[in-house]
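First the structure, in the form of structure tokens, and then the observations on it.
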Amino acid sequence: MIDLEFPDGSHRQFDDGVTGLDVAMDISPGLAKQAFAIALDDELRDLKRVIEHDGKIRIITARDEEGLELIRHDAAHVLAEAVQELFPGTQVTIGPIIDDGFYYDFAREEHFSTEDFATIEAKMAEIIDRNDPIEREVWNRDEAIAFFKDKGETYKAELISDLPVDEEITLYRQGKWVDLCLGPHLPSTGKVPKAFKLMKLAGAYWRGDSSNAQLQRIYGTAWTNPKELRAYLTRLEEAEKRDHRRLGNALELFHFQEEAQGQVFWHPNGWALYRALQDYVRRCQKKAGYAEINTPQLMDRKFWEASGHWDKYREHMFISSIDQEDKVLAVKPMNCPCHVQVFNHGQKSYRDLPMRLAEFGSCHRYEPSGALHGLMRVRAFVQDDAHIFCREDQVTDEVKAFCTLLQSIYKDLGFEEVQVRFADRPETRVGSDEVWDKAEASLKAAADATGLEVVHNPGDGAFYGPKLDFVLKDAIGREWQTGTIQADFNLPERLDASYVAEDGERHRPVMLHRAILGSFERFLGILIEHHAGNMPLWLSPIQVVVTTITSEMDDYAREAAAILEAAGLRVKTDLRNEKINYKVREHSHAKVPVIAVAGHREREERTLALRFLGEGGKHQQVLKLDEVVAKLTSEATPPDMKFD
RNA sequence: GCCGCAGUAGCUCAGUGGUAGAGCGCGUCAUUGGUAAUGACGAGGUCGGGAGUUCAAUUCUCCCCUGCGGCACCA
């Protein structure tokens, strides 16, 4: 007898040889029809597989998260079968599920084209209509290898050879098509809902290694019903609407052009936004005890050799020279070695520590062309970089203070959900275990003290020290790694940084590398997408547009705008001979937070009619000029300058 | 860097082996109109660059550049 416990806690007994399907049938034929698979003690199993032992059972249907995963996994198999039927000679490799869908990697001489998608989708629908039962088979290892080799499926044969010796080799058969797979699967191909779509075609390296052959990857999405598929496609469109590249163009923030690949031309609006963010960070860092510095762009090659960067990153560095001199200079790809120079200049005492040196450091890196992506990945960027030189026993306090600063900045910028990733010692590293113990403990303690979710990243630290990475979640749930703090025991040694301690001897300081935004360019990209271009008033490039009903109020509008501008607001006037509807529409599209309208009445009463973005005309407020100044300057005050 | 796709007016895009179109924007004129598009007229393009096929190329072929989607990379 087999004793099974159901999710509601009830138990039922079944005869030996019972399958998941029998159990579902025993509950109700309707459930048996809907059932995809079972979870036995949380292990997913095929419906038709015999249940050999007691345990907790759940019947998986399309309603379960696992059910959706089964659909996607089967959709991948159906895709592979369709492709092999349509394009004989194509080899299958792997086809896992991913967020929102699945992909399958194929090896084929000729290239697929997105034009093939319609044909493949039609064939997939045909396979679903065939409703072939999907059968699990356990194979002998060598026979399985021989089987796939015989079929010319060398990738599959390689996969089997690499499986652990004691691993059970399972094949899944649907109609005439067979694939190596761990399973489980739906009972038949007809269970795959016709709510799938092939999305894109891409190259992908075999086993993710660029020295291996490149395969052709077909991405697809699959859902439990067409309504969910449509909802997903709509979600993609919404995400596209907040794409910072589209908004950057529409809101006249910045542009790119081919003569300066991966470098940003910031326009007046974009630069106002950039400056508002930078001024804010500058004030926050000053308050947190950082001293701002600035260091050279070009440094002699020998310098980078000493720092170790020449060896490791030479290919990603821009090199410069001048006809009159023999020297080779490199454009700095990072600021840390320069900061050590500032620290090294003149003798430092333990009394000078901790020394926090901050720089909005302009860096250049030769990123691979395929990696460039709008503001998110550029070749010239500015980091909100700083290095803290301190004693070992100061690390804990410094890391804690940094975490506090970072949290308050993220909060001010509208990011509430933040995660910390703690990366500890990798296998190859510098520094003694004793020092690593201390550094790791400091970072871990500081991470825990933040109250944020902490994820452990074992072995992912830099060779020179452990680190904390900060990941924030944006308005549509995407995660972005932005901030970081890293302990470094290596660079102070390489560049011979030292201070005189109380004992009168020279000691090495610990160096903490840290950034909160990472790069202004990338962070602004994230910020623009997070707010969908509707920047909070204090960051908005143009905060107020003063506009008129008719040209009779032009003088009054100019005067009002001058008063607002004098109060520190970013103001524009719009005195064009256009209807108010037209002007309101245009500035609303430009996402200007406040439109101040002046008509006859306003001019007579020395008021402005304020219209706020997103609120329509409903909540307009007519206020006296001094009230407008008071209200808007108060609302536009950067969060760090509010003292209430 | 690798694979696929794309590049036509300032922007978004349509189109064709016989040297090009729309909407918005821009300019001129009229209109002075209370909260998401006033009307009329007009200007504007070596169809990404180079080579080839052809009587003829924006269209077909090849190479290059740039962009887009992935992969690899990201101190």
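Just so we're on the same page: letters track the sequence lines, and every chain starts at 1.
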Between B/C73 and A/Arg377, counting only base atoms on the nucleotide and side-chain atoms on the residue, is there a donor-acceptor pair under 3.5 Å? yes
Give every residue pair that meets the side chain to side chain donor-acceptor pair (under 3.5 Å) criterion with at least one member in residues 110-120 of chain A, sequence neighbours excluded. none
Test of understanding: with ring-ring contact (aromatic ring centres under 6.0 Å, His included), list the residues that count as partners of A/Tyr219, not counting sequence neighbours. A/Tyr103
What stems, by residue range, does RNA chain B take part in, given at least 3 consecutive Watson-Crick or G-U pairs under 3.5 Å? B:1-7 with B:65-71, B:10-13 with B:21-24, B:26-30 with B:38-42, B:48-52 with B:60-64
Partner residues of A/Glu359 under the side chain to side chain donor-acceptor pair (under 3.5 Å) criterion, sequence neighbours left out: A/Thr295, A/Lys332, A/His339
Side chain of A/Ala202 only, please: which of B/G69, B/C2, B/C26 is the nearest? B/G69
Any luck finding a side-chain donor-acceptor pair between A/Asn335 and A/Gln383 under 3.5 Å? yes
How does protein contact run along nucleotides 34-41 of chain B, one letter per nucleotide 5' to 3', with B for base contact, S for sugar-phosphate only, - for none, heavy atoms under 4.0 Å? BBBBB---
With sequence neighbours excluded, tell me which residues meet side chain to side chain donor-acceptor pair (under 3.5 Å) with A/Arg421. A/Gln419, A/Glu479
Which residue pairs pass the side chain to side chain donor-acceptor pair (under 3.5 Å) test when at least one of the two sits in residues 589-600 of chain A, sequence neighbours left out? A/Glu552-A/His600
Which nucleotide wins on minimum distance to the side chain of A/Asn249, given the candidates B/C71, B/G69, B/C11? B/C11
Tell me, please, which residues at least two apart from A/Glu493 pass side chain to side chain donor-acceptor pair (under 3.5 Å). A/Arg508
For a quick check of understanding: with a heavy-atom distance under 4.0 Å over all strands, which category does A/Lys312 fall into, base, sugar-phosphate or nothing? nothing
So, using ring-ring contact (aromatic ring centres under 6.0 Å, His included) as the criterion, who are the partners of A/His77 when residues are at least two apart? A/His73, A/Trp177, A/His185
Heavy-atom protein contacts under 4.0 Å, nucleotides 5-10 of chain B, coded B base, S sugar-phosphate only, - none: ------
Strictly below 4.0 Å: does A/Arg245 bring a side-chain N or O up to OP1 or OP2 of B/G69? yes
Residues which pass ring-ring contact (aromatic ring centres under 6.0 Å, His included) with A/Phe360, listed by chain and number, not counting sequence neighbours: A/Phe520
Going by ring-ring contact (aromatic ring centres under 6.0 Å, His included), name the residues that satisfy it together with A/Phe112, two or more places apart in sequence or in a different chain. A/Phe87, A/Phe106
